[in-house]
Amino acid sequence: MTTYKQLEVGFEDPNPRKWCVPLKEDAFASLMEKGNNATAPQKVFSQGSLFSPFLFGKFFDPSDAFPLWEFESDVLLANLRCSNHCTVDWLQTETDYILKAELPVTGVQICVANRKVLEISGLWRQQREARSSNDWRSGQWWEQGYVRRIELPENADWRKTEASVNNDIILQIRVPKAPPNSEIGRGSNGAAKDYSEIA
């Protein structure tokens with residue numbers, strides 16, 4: 001029996017600097033070598049996961065915004081699909097942008113930041129000493145949680161973003177396309193970055 005759960009999508013980020021410390025390649029290697037003590041991070045950041053820094057073929061900090069829909073998933077994920085390691089897919093129809101991903105842990109949060117970045121994040125470890133309610137991710141956030149930030153296309157109607165989980169495993173995010181000639185897009189302050197060297 002299929003279960004379906006609608007997720008709340010936030011449109012205001014209360015702490016925009018929460019992912020401010022980058023996950024560098026050497027820190028990622030150290031995290032993944034911790035063995036049994038790092039079961040959750042190994043599951044979340046494993047090859048083929050939406051949250052893996054190597055999802056796009058070379059190391060890419062998950063907290064940096066990636067212009068996902070500028071690339072064909074068939075091209076970027078071809079090797080992972082051949083090895084049956086892929087747990088993510090994205091596509092666009094005439095009316096929507098659609099992202100599907102296996103959820104490695106529960107408690108996922110969806111937010112659209114600054115009208116241009118779709119942020120998918122979660123927490124698996126509570127901070128031992130809460131110095132402040134908003135500072136746990138300003139340290140080594142990758143040891144406590146996970147994130148993938150995706151730059152939305154110019155014509156994305158970010159206000160109508162919807163997210164759901166099927167069978168407590170598959171996350172689906174749907175972002176409608178704005179009608180042609182509408183003012184719904186990001187506007188002049190949402191210029192896309194050039195990540196062409198990633199592909």
Side-chain angles (χ1 to χ4, degrees), residues 1-15 18-19 23 28 38-57 60-81 83-93 95-126 137 141-153 156-177:
M1 179 177 171
T2 301
T3 61
Y4 176 87
K5 177 183 174 186
Q6 194 74 25
L7 299 178
E8 183 178 341
V9 178
F11 296 103
E12 289 295 327
D13 192 345
N15 184 11
K18 62 180 175 267
W19 308 108
L23 174 58
F28 175 70
T39 302
Q42 287 181 358
K43 187 174 181 183
V44 170
F45 293 124
S46 64
Q47 183 182 18
S49 163
L50 175 66
F51 308 101
S52 170
F54 290 102
L55 177 64
F56 303 111
F60 189 86
D61 187 344
S63 67
D64 287 341
F66 190 88
L68 192 67
W69 282 278
E70 291 181 14
F71 301 94
E72 293 291 333
S73 63
D74 288 344
V75 175
L76 280 187
L77 301 177
N79 291 338
L80 291 172
R81 286 179 175 155
S83 62
N84 291 323
H85 283 126
C86 191
T87 62
V88 60
D89 198 10
W90 65 89
L91 59 103
Q92 59 177 304
T93 66
T95 57
D96 300 287
Y97 296 101
I98 301 169
L99 171 71
K100 296 180 182 180
E102 258 184 52
L103 283 179
V105 292
T106 58
V108 69
Q109 297 177 351
I110 313 294
C111 178
V112 178
N114 300 321
R115 300 182 301 170
K116 63 181 180 179
V117 175
L118 175 67
E119 182 179 284
I120 305 159
S121 63
L123 172 66
W124 58 62
R125 182 187 303 171
Q126 296 294 331
R137 283 173 278 200
W141 58 261
W142 53 88
E143 293 187 345
Q144 301 180 57
Y146 57 95
V147 65
R148 172 61 76 190
R149 303 181 77 234
I150 298 166
E151 187 175 318
L152 291 172
D157 190 352
W158 56 273
R159 293 181 188 107
K160 295 182 180 176
T161 301
E162 295 180 352
S164 61
V165 176
N166 295 328
N167 294 331
D168 295 324
I169 297 173
I170 305 297
L171 170 70
Q172 179 169 303
I173 298 175
R174 183 179 299 269
V175 185
K177 293 180 179 180

Main-chain N/O of D64 paired with R149 side-chain donor or acceptor, under 3.5 Å: no
Quick check for you: to the nearest 0.5 Å, what is the distance between N114 atom CG and E119 atom CD? 10.0 Å
Using atom types as modelled and distance alone, determine if a side-chain donor or acceptor of S52 lies under 3.5 Å from a backbone N or O of Q47. no
Flag side-chain contact, heavy atom, 4.5 Å: Y146 against P62: no
What residues, two or more places apart in sequence or in another chain, satisfy side chain to side chain donor-acceptor pair (under 3.5 Å) together with K100? none
Between V88 and L80, is there a side-chain heavy-atom distance shorter than 4.5 Å? no
Using side-chain heavy atoms (C-beta onward) and a distance below 4.5 Å, is Q144 in contact with L123? yes
Using every non-hydrogen atom in the two residues, find where P176 and K160 come nearest and quote the distance to one decimal. CD-O, 3.4 Å
Checking E162 now: which residues fulfil side-chain contact (heavy atoms from CB on, under 4.5 Å) with it, not counting sequence neighbours? Q6
To the nearest 0.5 Å, tell me how far L152 CG sits from L118 CG. 5.5 Å
Residue from W90, F71, F56 passing side-chain contact (heavy atoms from CB on, under 4.5 Å) with L77: W90
Residues in salt bridge (charged side-chain N to carboxylate O under 4.0 Å, His left out) contact with R174, at least two apart in sequence or another chain: D96
The criterion is side chain to side chain donor-acceptor pair (under 3.5 Å); which residues satisfy it with D13, sequence neighbours excluded? K18
Show me the pairs that pass ring pair (Phe, Tyr, Trp, His ring centres under 6.0 Å) and involve residues 97-118, at least two apart or across chains. W69-Y97
How are the rings of F28 and F45 set relative to one another: parallel (under 30°), tilted (30 to 60°) or perpendicular (over 60°)? perpendicular
Could you tell me which residues satisfy salt bridge (charged side-chain N to carboxylate O under 4.0 Å, His left out) with D74, sequence neighbours excluded, listed by chain and number? R81
Suppose we screen for side-chain contact (heavy atoms from CB on, under 4.5 Å). Which residues come up paired with T87, at least two apart in sequence or across chains? S49, E102
With a 4.5 Å cut-off on side-chain heavy atoms, are I150 and I173 touching? no
Side-chain donor/acceptor of N167 to backbone N/O of I169, under 3.5 Å: no
Side chain to side chain donor-acceptor pair (under 3.5 Å) involving S83 - partner list, sequence neighbours excluded: H85
For R148 against L55, the heavy-atom pair lying closest together: NH2-CB, 4.0 Å
Taken in chain and number order and not counting sequence neighbours, the residues that satisfy side-chain contact (heavy atoms from CB on, under 4.5 Å) with V9 are F11, I110, V112, T161, A163
For W19 and S121 the tightest heavy-atom approach is CZ2-CB, 3.4 Å
Looking at V147, L103, L99, which hits side-chain contact (heavy atoms from CB on, under 4.5 Å) with I120? L99
